[in-house]
Amino acid sequence: MKYHFNEIEKKWQKYWADNQTFKAENNSDKPKYYVLDMFPYPSGAGLHVGHPLGYIASDIYARYKRHKGFNVLHPQGYDSFGLPAEQYAIQTGQHPALTTEENIKTYRRQLDQIGFSFDWSREVRTSNPEYYKWTQWIFIELFNSWYNINLDKAEHIDTLIEKFTSEGNTNVNAACDDDIDIFSAEDWNGLSSEQQQAILLKYRLTYLAETEVNWCPALGTVLANDEIVNGVSERGGHPVVRKKMTQWSMRISAYAERLLQGLNDIDWTDALKESQRNWIGKSVGATVSFNVIASEAKQSPTSEKHVIDVFTTRPDTIFGVSFMTLAPEHELVEKITTPEQKEAVEAYIEATAKRSERDRMADVKTISGVFTGAYAEHPFSKEPIPIWIGDYVLAGYGTGAVMAVPCGDERDYAFAKHFNIPIPNIFKDVDISEQAFSSKDNVVIDNSDFLNGLSYKEATKKAIEALESIGQGKGKTNYRLRDAVFSRQRYWGEPFPVYYVNGMPQMIDVKHLPLTLPEVEKYLPTETGEPPLGRADVWAWDTKTNTVVDNALIDHKTVFPLELNTMPGWAGSSWYFFRYMEEKANRNRTFATEDALNYWGNVDLYIGGSEHATGHLLYARFWTKFLKDRRFVKVEEPFKKLINQGMILGTSAFISVLGIQILINGKENKNFLEIEVPTKYLIPISEIVVEAHNSNSNNVINDFIDEKLNEIKSKIPDVNIVVASQINKLHVDVSFVNASDELDIEAFKNWREDFKEAFFITEKDGTFKVKREVEKMSKSKYNVVNPDQICEQYGADSLRLYEMFLGPLEQYKPWNTAGISGVHSFLKKLWKLYFDDQDLRVNNAEPNKDSLKTLHKTIKKVEEDIENFSFNTSVSTFMIAVNEFTAQKCTSKAVLEPLLVLISPYAPHIAEELWQALGHQESISTAPFPEFDEQYLVESSKEYPISFNGKTRFTMELPLDMSIEEIEKAVLANAKTQEQLQGRAPKKVIVVQGKIVNIVG
RNA sequence: GCAGAAGUGGUGGAAUCGGUAGACACGUUGGACUUAAAAUCCAAUGAGCAGUAAUGUUCGUGCGGGUUCAAGUCCCGCCUUCUGUACCA
């Protein structure tokens, strides 16, 4: 019987679906294990071979855990809100829901054919109203919460209102906005409802705030930093302006310390934890307030006093301050700039506005800045300090202002040198004539009044105390992590369950949710710059009927306007892993029942790309911590163990094309003197010929040009002919290239009309070689490989094995379809162990010693590999095992049956088929994993490598229990040893029992 | 600039604890089977030198040093590539 993989794979995929083989139980005696893949976005292009890499790895692990007796939850679903569907809708008018539905169908078909053990009964889609109802509910709960720093957790807003009512806010220690005034209980109780709401908004975990955004009026939308190039939009090149917009924000900063500390308790890679730590960016230091000295020109009795607040990690260097730098966008710049400097400052601000934030951050070589003409007063020495602006200071970071200490900071030093600003030295016995001294170790502060002679630590403490005593600063821990903007001016996202009464946001009660997306006629922003929901005619909230009603009914008494923004992509993906815990039947009552949440706890293994390091993975941790504070879930961290998979790159194929252009009397003329002569030739050249040409060892190309030239000259004598030639590289579709890098010329000609008639310079044997290069897989590079074709040609089991065989999971590696024949023939060899041409050849023969040894070393290795996520090496191990069993002519069921269980996580279809052939009625999926037994691997002797000065010369088989002395004796007695030594006496003989013998001398 | 990861044959990679570098594959070459092709099977395959051969021998894990009986692996200094990025004050 032959290995008909297509039939086998279809058969078992159907079996698994029909029998719900991989359905997870919420009640089970087995221990639980939750394996999750990062949420896929169903894009229109479908899957390419790079996408399933992580899914295959997690599937192997999930299947392995089932063999190990676990109740495994391995769900899948779609992060189905998103920009591509919306863009497509804008272009075609097709509703994003329809596009999304189509894309999901393709995804599902493609995923099914790879044979994943997903529990599809638990599928979620973020764009389904029954799902986003609960996303809206979480938003409302965030709105109804504040962060109590004393208890270090979020609480319901009612407890805050209670405090305000009884004692005001003097004793409230909350994560809140900076601009909060102190008020008493009486003050609070005397406020109007609107005033109270406005204050509460400053405390809520989600709140409305003015945020500066990159606004592109032409596109009517907000752009990300990297969508802006040289101050204009990447798409279309439209101008972009900085604009303040009122948007929803999430007070993630309240959780900064817990997000940081939580990293210590989770099993993630150090690299990933490090990037989250850097993102959170904790720094300990102090805030210092510098009073601006009112300039004479601006001095007037009414002019307000300006204060510049800075944060510094080095308050010990306060006496080293010789200037201050403000971000050009800093709000004080305009107020303090003197008339003389006005022009220069304005020009600088304008120039800065054109630079992207990223540009400003990466460029450290260019030093630029302008003096504002204003001075600040040093808090202690009362000396005037010049205030500069410079684009190395960013408005969004810290306070947007820096106290510059050039002797202790490289950047400040360079700035001071560049602009000839004094560099006072405040470090004892340190030379700062060439560079700044930025170390915190071995510092003795000098020239610093009361800080003289102190170390970094002592001086820092004392400086903070002194600042506090004069009321111009205090110790502070700063985090880089900023609150996350939660509004998007898009259509295809979750609507906010919010309506506005007198400009104040009001939440819709959860019992009236979901608030579903309204229909709009176009998916673009409105002409007045409102988000697409501004186009909806029926988008007002009737508080009497609790329904969405026509906008015409808005009277601001009982019918109010609804929020026009939608939520960002990360809203739905910040809690989906909890939704999977609940079975579909129970999902309408709550986002997940307590029983389900208690049973599954958190995700045991999470696999996905490292691009989510600081986005999704931080937000999901934030929401989990919030949900725990409010007792909706029990776990502090959502993902216990996390592995980043690398990317699969494409192996692009290029052909070299010789372009010849012939100018006759300076003109490109086909009908010169009425003789038709082609003036352009495009000649593809085989890569080997090009290489020979480049190394000057062959002139096929020059000969060809000469030949063409002579051809023309014979037709048109006595004219001035100029020939220009150039060799260019051209991407060709990888599907036209075989394993030996040879191009299918006919297929290529059919693909590219312009080469239909082209002459191809091939090898002597007529083959045409392409050049290969590794690049990102992308449509435009024609190097995309579709898993559909692979499944059809080689089968899903081959695809699964090959993706793993390519290399370590976390590494970036190129795809080359040619290599798949290796794993495919392995599967054929495996099949042949069980079937000959006609029948099953497996019998009940006693397994021989060698076969048992092969089996048990395979069990050991595969188990270790899976536990270490080293899937590539276990594929090699299978190959070795099958090669050995074949050589041993093994037919014993006692060996071949457990082998199937080992292979089943990797190649489940063939394993099921052979398992059934061995007489089993049940699926292999829960068959117990074979037990490793040491006794089969016990060796009595060892092939010792005998090396001389570290170089192995020959091997000797010696008993393992031989003593070191005896080994040394035996080795020295060996004739080959004497030959190596050539009469010399060895200086030393090193014997490592069971490992190696090294003779020195 | 900073941070992280990586660099091993023609290619993907293995060597998990400092102990026989190149497992397992792809590709290539030669052979068997076949009218032929495909498929399959067998053999060789890091580079150089010597030898008819068996074999011997030198070099060899990005580069330069070091530790060690022994280094792809450990230490110091560099180079290159990839990824991320926030001048964090």
Side-chain angles (χ1 to χ4, degrees), chain A residues 2 269-272 274-275 277-279 281-283 285 310-314 317 324-325 357-358 360-365 390-394 396-405 408-412 414-415 438 478-482 610-611 613-614 644 646-647 649 651 739-741 772 774 802 805-808 810-823 825-826 828-829 832 861 864-865 868 870 872-880 883 943-955 979 986-992 994-1001:
Chain A
K2 276 186 78 179
T269 61
D270 289 338
L272 186 56
E274 199 55 30
S275 58
R277 283 195 189 102
N278 290 338
W279 194 263
K282 181 179 182 174
S283 47
V310 301
F311 175 78
T312 176
T313 53
R314 297 292 303 271
T317 64
M324 300 190 72
T325 315
E357 209 170 69
R358 199 168 281 177
R360 284 165 62 177
M361 291 182 290
D363 181 13
V364 288
K365 287 187 184 110
D391 67 5
Y392 74 94
V393 179
L394 300 170
Y397 294 110
T399 59
V402 180
M403 63 172 224
V405 183
D409 183 284
E410 290 299 337
R411 248 179 9 259
D412 295 343
F415 195 89
S438 53
N478 218 33
Y479 298 91
R480 190 200 78 106
L481 186 69
R482 281 177 288 170
S610 55
E611 69 271 19
T614 50
N644 282 134
M647 200 188 285
L649 305 167
T651 309
S740 311
D741 292 346
R772 292 288 204 169
V774 172
Y802 188 51
F805 187 63
L806 276 178
E810 66 281 2
Q811 231 167 66
Y812 279 58
K813 57 226 165 221
W815 176 271
N816 188 350
T817 305
I820 202 171
S821 63
V823 294
S825 58
F826 155 73
K828 286 198 258 186
K829 275 188 222 163
K832 279 193 199 161
K861 174 83 173 134
E864 280 170 7
D865 283 348
N868 292 319
S870 174
N872 55 323
T873 49
S874 37
V875 179
S876 304
T877 305
F878 292 137
M879 289 175 171
I880 293 166
N883 288 346
E943 191 85 3
Y944 277 92
I946 313 299
S947 55
F948 293 81
N949 299 320
K951 283 176 193 164
T952 305
R953 292 303 179 198
F954 59 93
T955 59
E979 195 183 310
K987 279 189 198 137
K988 205 171 172 186
V989 179
I990 286 139
V991 178
V992 183
K995 284 250 160 113
I996 199 166
V997 177
N998 191 17
I999 297 163
V1000 188

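Every chain is numbered from 1 and lettered A, B, ... according to where its sequence line falls, protein lines coming before strand lines.
The closest side-chain heavy-atom distance from Gln811(A) to Leu806(A) is not below 4.5 Å. Proximity of Val310(A) to Met324(A): side-chain heavy atoms (C-beta onward) are separated by under 4.5 Å at one or more points.
One P atom belongs to rU28(B), the other to rU34(B), and the distance between them is 24 Å to the nearest Å. Taking the C1' atoms as reference points, rU61(B) lies 15 Å from rG18(B), given to the whole Å. Distance check on atom C1': rC41(B) versus rU52(B) gives 30 Å, rounded to whole Å. rA44(B) and rG12(B): their P atoms are spaced 24 Å apart (whole Å). Separation of the P atoms belonging to rG13(B) and rC26(B) is 16 Å when rounded to the nearest angstrom. The gap from the C1' atom of rA25(B) to that of rG9(B) amounts to 14 Å, rounded to the nearest Å. To the nearest whole angstrom, the two P atoms, one in rC79(B) and one in rC88(B), are 22 Å apart. Annotation: rA39(B) and rA47(B) have their C1' atoms spaced 35 Å apart (nearest Å).
Taking Phe826(A) as the reference, nothing meets the ring-ring contact (aromatic ring centres under 6.0 Å, His included) condition, with sequence neighbours excluded. With sequence neighbours excluded, no residue satisfies salt bridge (charged side-chain N to carboxylate O under 4.0 Å, His left out) with Arg953(A). Contacts of Thr817(A) classified as side chain to side chain donor-acceptor pair (under 3.5 Å), with partners at least two apart in sequence or in another chain: Trp815(A). In this structure Thr317(A) satisfies the side chain to side chain donor-acceptor pair (under 3.5 Å) test with no other residue, sequence neighbours excluded. Residues passing the ring-ring contact (aromatic ring centres under 6.0 Å, His included) test with Tyr944(A), sequence neighbours excluded: none. Residues forming a side-chain contact (heavy atoms from CB on, under 4.5 Å) with Ser275(A) (at least two apart in sequence, or on another chain): Leu272(A), Ala613(A). Contacts of Phe948(A) classified as ring-ring contact (aromatic ring centres under 6.0 Å, His included), with partners at least two apart in sequence or in another chain: none. Applying the salt bridge (charged side-chain N to carboxylate O under 4.0 Å, His left out) criterion to Asp412(A), with sequence neighbours excluded, gives no partner residue.
When distances run from any side-chain atom of Pro808(A) to the nucleotides rA14(B), rA89(B), rU20(B), the shortest one goes to rA14(B). Nearest nucleotide to the side chain of Lys829(A), out of rC24(B), rA15(B), rC41(B): rC41(B). Ranking rA25(B), rA3(B), rA15(B) by closeness to the Asn883(A) side chain, first place goes to rA25(B). Closest approach to the Arg480(A) side chain among rA39(B), rC88(B), rA89(B) is made by rC88(B) (side chain taken as heavy atoms from C-beta onward). Minimum atom distance to the side chain of Thr952(A) is reached by rA21(B), of the listed rC24(B), rA21(B), rC26(B).
As judged by a 4.0 angstrom heavy-atom cut-off over every strand, Ser870(A) is placed among residues making no nucleic acid contact. Asp270(A) comes within contact range of no nucleotide atom at all, as no heavy-atom separation falls under 4.0 Å. Counting any heavy atom pair closer than 4.0 Å across all strands shown, Lys987(A) reaches no nucleic acid atom. Across all strands, Asp865(A) comes closer than 4.0 Å to base atoms (heavy-atom distances). Within the 4.0 angstrom heavy-atom criterion, only backbone atoms of the sugar-phosphate kind lie near Thr312(A); the bases stay farther away.
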Tabulated below should be each protein N or O lying under 3.5 Å from an N or O of nucleotides 67-70 of chain B; please produce it.
residue : atom : partner   : partner atom : Å
rC69(B) : O2'  : Asn998(A) : ND2          : 3.0
rC69(B) : O2   : Asn998(A) : ND2          : 2.8

All N/O contacts under 3.5 Å from nucleotides 72-75 of chain B to the protein, with atom names and distances to one decimal?
none

Just the atom pairs and distances: protein N or O near nucleotides 8-12 of chain B's N or O, under 3.5 Å.
residue : atom : partner   : partner atom : Å
rG12(B) : O2'  : Leu806(A) : O            : 2.6

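Side-chain N/O atoms of Thr313(A) include one lying less than 4.0 angstrom from OP1 or OP2 on rA89(B). OP1 or OP2 of rA39(B) has not a single side-chain nitrogen or oxygen of Lys832(A) nearer than 4.0 Å.
In this entry the distance linking CZ of Phe948(A) with P of rG56(B) reads 12 Å, nearest Å. A straight line from CH2 of Trp815(A) to C1' of rG13(B) spans 15 Å, rounded to a whole angstrom. The interatomic distance linking Arg953(A) (CZ) with rA21(B) (C1') rounds to 15 Å, in whole Å.
Of the two residues contacting RNA chain B, namely Ala401(A) and Val823(A), the nearest-nucleotide position lying further toward the 5' end is that of Val823(A). The nearest heavy atom of RNA chain B to Asn478(A) and to Val875(A) marks one nucleotide each, and the one closer to the 5' end goes with Val875(A).
A syn base is found at rC17(B): its glycosidic angle is within 90° of 0.
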Inset, instruction - Would you sketch RNA chain B in dot-bracket for me? Only Watson-Crick or G-U wobble pairs with both distances under 3.5 Å count, crossing pairs as [ ], other-strand pairs as |, the rest as dots. - result: (((((((..(((......[....)))((((((.......))))))(((((....)))))..(((((..]....))))))))))))....
